2 protein chains.
Amino acid sequence: MTLKKNVRTIRSPQPLPQAEEHRQTRRDHAVEIAEDYAEAIADLTLETGEARVVDLARRLGVTHVTVNRTIARLQRDGFVSSQPYRAIFLTEKGRRLASASKRRHELVVAFLISLGVSERVARLDAEGMEHHVSAETLAAFQAALPRTGQEGRKGQEG
Amino acid sequence: MTLKKNVRTIRSPQPLPQAEEHRQTRRDHAVEIAEDYAEAIADLTLETGEARVVDLARRLGVTHVTVNRTIARLQRDGFVSSQPYRAIFLTEKGRRLASASKRRHELVVAFLISLGVSERVARLDAEGMEHHVSAETLAAFQAALPRTGQEGRKGQEG
DNA sequence: AAAACAATGTAGCTGATGCTAAATTATTTG
DNA sequence: CAAATAATTTAGCATCAGCTACATTGTTTT
Ligand SMILES: [Mn+2]
Ligand SMILES: [Mn+2]
Ligand SMILES: [Mn+2]
Ligand SMILES: [Mn+2]
């Protein structure tokens, strides 16, 4: 089909290397919501004592209905615990995810700002970028950060 | 509800600033597939003379059925033109999108590599990151690129 | 305690994206 | 040219993630 004339277009029978990159991106997106919700729940719990559906809806820019259904999925997947009409709590698994996500998120923001990107745009871009930043790239960002490049190993600097 | 006792949890009535960041990320994702397909179609057209459903499927790591339906959406949105059982062509709009996307994609890859990220991981991360890199951040990446920071304005260097 | 209000939950819709299986059409080969 | 093969399309399914409208429950106020 469409191999017209004798042009003999050679095509690869097995998956191209590019395919793996797109697959990885789709995997990133599959955990993205869990990461953002975990972060938001952890923040709200610290800021106001508890994370409630309305607060999450406001912070994430969706309706409370969307939050409700997402929380059900997150509970199914073991990231949160919740009971009808009560606040939402992170499980141990959820707390680990929140912690790692928050650290990575803040590092990405700081890195963009260190490049001269405005804080506003840095925060806008980082919200999406963060989920695609691997451990290796995150380490490269940290190493490139002016003041904090060598810190963090043990945690104390000048 | 859940404002228990007289603790008086103050909550913001209007959308928080964070909401806008999440909204932007969702907007990015809404155009992501168009960008990746446009890039892939442009590449294939250059490499093999035409872009066909099977080739796109292999390159994007999805089934040919998924490609078929996505192409229908892209045609509906004016990015491609296609006829049954024939190859897929970019419209002018699609070509513009492909060109801008490809430039940004390559710049993101080059920037990550310049930070010391391995090419393999740079390509994996860039495939997702690219869609969240704003014009401002892209400019900052370009400016931070060792060799090419001042080039590109008019296009000639040493 | 009843009423008013605010939050939460449910029902039902939509669109995007993925899939497998089967039908159709085009291309290549004998 | 007919058969075999390859590509494409269609049918039908699933999940995620958004929405509006409405029902229910909890909290605050009178
Ligand atoms: Mn995010
Ligand atoms: Mn993304
Ligand atoms: Mn791309
Ligand atoms: Mn991409």
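Below, read A as the first sequence line, B as the second, and so on, with proteins coming before strands; counting in each chain starts at 1. Values in this document were obtained by computation on a predicted structure and should not be read as measured data. Reckoned from all heavy atoms, side chains included, excluding hydrogens, waters and symmetry mates.
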Side chain to side chain, A:Arg59 and A:Asp43, heavy atoms closer than 4.5 Å: yes
Non-hydrogen side-chain atoms of B:Val67 and B:Val54 separated by less than 4.5 Å: no
What donor-acceptor contacts under 3.5 angstrom involve side-chain atoms of residues 77-84 of chain A, with partners at least two apart or in another chain?
residue : atom : partner : partner atom : Å
A:Ser82 : OG   : A:Gln75 : OE1          : 3.1

Contact list for DNA chain D against residues 69-81 of chain A - heavy-atom distance below 4.0 Å: A:Arg69, A:Arg73, A:Arg76
Spacing of [X] atom [atom1] relative to [N] atom [atom2], expressed in whole Å:
X	N	atom1	atom2	value
B:Asp55	D:dT8	CG	C1'	13 Å
A:Arg52	C:dT8	CZ	P	5 Å
A:Leu56	C:dG9	CG	C1'	15 Å
B:Arg86	C:dA26	CZ	P	9 Å
A:Arg27	D:dC16	CZ	C1'	18 Å
B:Tyr37	C:dA16	OH	P	13 Å
B:Asp28	C:dA16	CG	C1'	16 Å
A:His29	C:dT17	NE2	C1'	13 Å

Touch class at under 4.0 angstrom, heavy-atom based, for A:Val53 against every strand present: sugar-phosphate
Partner set under side chain to side chain contact (heavy atoms under 4.5 Å, CB included) for B:Glu32, not counting sequence neighbours: A:Thr25, A:His29, B:His29, B:Asp36, B:His131
All side chain to side chain contact (heavy atoms under 4.5 Å, CB included) counterparts of B:Glu106, not counting sequence neighbours: B:Lys102
Indicate whether OP1 or OP2 belonging to [N] is found under 4.0 Å from a side-chain N or O atom of [X].
X	N	value
A:Asn68	C:dG9	yes
B:Thr66	C:dT17	no
A:Thr63	D:dC19	yes

Comparing A:His64 and A:Arg26 on DNA chain C - which has the more 5′ nearest nucleotide: A:His64
Partner set under side-chain hydrogen bond (donor to acceptor under 3.5 Å, both in side chains) for B:Ser99, not counting sequence neighbours: none
Side-chain-base donor-acceptor pair under 3.5 Å for B:Tyr85 and D:dT9: no
Qualifying salt bridge (charged side-chain N to carboxylate O under 4.0 Å, His left out) pairs, either residue in residues 109-119 of chain A, two or more places apart: A:Glu119-A:Arg123
